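What you see is a predicted model, and the numbers here were worked out from it, not measured in a lab.
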Amino acid sequence: MVFFRTVTALSRLRSRVGQQSNLANSVRWLQMQTSSDLVLSFPLFLLLCFVFFLVIDIDSIDDLHSHLKEMIPEQQERLKKVKSELGKIQLGNITVDMVIGGMRGMTGLLWETSLLDPDEGIRFRGLSIPECQKLLPTAKPDGEPLPEGLLWLLLTGKVPTKEQVDALSKELRDRATIPDYVYKAIDALPETAHPMTQFASGVMALQVQSEFQKAYEKGIHKSKYWEPTYEDSLNLIARVPAVAAYVFRRIYKDGQVIPKDDSLDYGANFSHMLGFDDPKMQELMRLYVTIHSDHEGGNVSAHTGHLVASALSDPYLSFAAALNGLAGPLHGLANQEVLLWIKSVVEECGENITKEQLNDYVWKTLNSGKVVPGFGHGVLRKTDPRYICQREFALKHLPDDPLFQLVSKLFEVVPPILTELGKVSCLSFFFEQRLFLLHSSSSPPPSCPGYFKDLFVKNPWPNVDAHSGVLLNHFGLTEARYCSPYSILYCSFWCIKEPWNLLSADMGPSSWVALERPKSVTLDWIEKHCKKAA
């Protein structure tokens, strides 16, 4: 009987190895089987282990989970050292402008996976976008980076091999099974509900399977928080594309759902499930996921997720909160606004609009009290590198597209106008200030409004949103109200960084996962404080 059960286990093990993409998962399965299903003699157990190592691919030991398990103790010690040796050093001064201006420029978060430089743009673990395009594995020669490669880079700080990326891609496909009740939760909403509302509802339904919640309720030690968080994060990122595609096809394609293709990578599979199998569209989706995966921790969605996670809410809850922040017109819907504005230009002036006509239309938009969407950035002071790489993609794959040609003209026309508008606005305000001094004995008004100085003078250049919607439109994804895959993908890849928020949870309230609780003050307090400081 023992022999029969051993042979059965070996058969099941071989099948299980075919389903699992890494050694760690197979080892955990083996441990569970030997502790529950089997009552083995020690020799037979050794035989089972020997055969186990024969049937697995030994290279699969080099998986993402194993790398993190090795790295996390080192990072915890590093953080302890920084806390003890550098904890009292000041990182800057806080001004009233920062407090009432959305905390712009205020250093207040630790975010390991990326750093945004005003002049260079985003760097993922120290690598610029061009460097990522050069170093990360691709699906084909001279192609765009595979998103799974960037995921590995974000979590480990190391550039992965093609074999490591392929193994991770398979693991994500294996994790991408979605319970029926998730789709039922979405179907309970009217089809007219906003796509982001439906998407967030689907994510909340996925939370039922949270490994972190289960482990926390069982009393898991703080030093092990990262393990169920890792499981939740990978499960979530694996399942988010299918949920997003389901929402898209429910609203716009009569509910005709397209199942995933196990032969495709993460970005290409999402394109496929949306209904776009053009190889160029799949390449675009790989690029989209890569460049939108992270942009520091201070933007609305990332900070929201970090804030919620600081309360030890699991990744599903944190991610859903981030999604709701992303749905705002000033954040995730920005590229939708750009596409709609560009189409309004075409409707009024035609596709063959000249630069002179475009110049007049831009001034018309500004004089009506509106902004030109897609230009300016809260941190960047040069053209967004994410805009540049999308422009290079368009020059390579769709140089004759009319909307792309219009975007190219805007690149030449808009920045000089915004720069001039900023100078005129500041000059006008300067004269108003002088007149005020001539007719009043009270204190003069403040200098040129920060809005004009920061947005128009310091950065009149295009940002990532100035290009993204036009590229999707070219390949047939014309439903602007879908909020475009950018909004979905930006937040879907955000969730994978959650383990880094919990790496040092065993250190108590001094760790970077400490419950966020900044101090707030009233306007009266600010006025009194500044009066005393004057």
Decide, yes or no, whether a salt bridge links [X] with [Y] under the criterion of side-chain N to carboxylate O below 4.0 Å.
X: Lys409; Y: Glu412; value: no
X: Asp166; Y: Lys170; value: no
X: Lys364; Y: Asp360; value: no
X: Glu227; Y: Lys69; value: no
X: Arg386; Y: Asp384; value: yes

Are the ring centres of Trp226 and His65 closer than 6.0 Å? yes

[Y] and [X] aromatic ring geometry - parallel, tilted or perpendicular at 30°/60° bounds:
X: Phe411; Y: Trp461; result: perpendicular
X: Phe319; Y: Phe199; result: perpendicular
X: Phe248; Y: Phe276; result: tilted
X: His303; Y: His306; result: tilted

Atom [atom1] of [X] with >12 non-hydrogen neighbours under 6.0 angstrom:
X: Lys355; atom1: NZ; result: no
X: Asp262; atom1: CG; result: yes
X: Met103; atom1: CE; result: no

Test salt bridge (Lys or Arg N to Asp or Glu O under 4.0 Å) on Glu131 and Lys134; report intermediate values, then the result. CA-CA 5 Å; Glu131 289 171 337; Lys134 179 181 179 181; over 6 Å; no

Any donor-acceptor pair under 3.5 Å from [X] side chain to [Y] backbone:
X: His397; Y: Phe393; value: no
X: Glu211; Y: Asp232; value: no
X: Ser233; Y: Tyr230; value: no
X: Asn473; Y: Gly469; value: no

The residue among Thr138, Leu127, Asp142, Leu287 that forms side chain to side chain contact (heavy atoms under 4.5 Å, CB included) with Gln133 is Leu287

Sub-4.5 Å side-chain heavy-atom contact between [X] and [Y]:
X: Pro160; Y: Pro137; value: yes
X: Asp314; Y: Leu317; value: yes
X: Cys132; Y: Val159; value: no

Working to the nearest 0.5 angstrom, can you tell me the gap between Leu234 CG and Leu151 CG? 6.5 Å

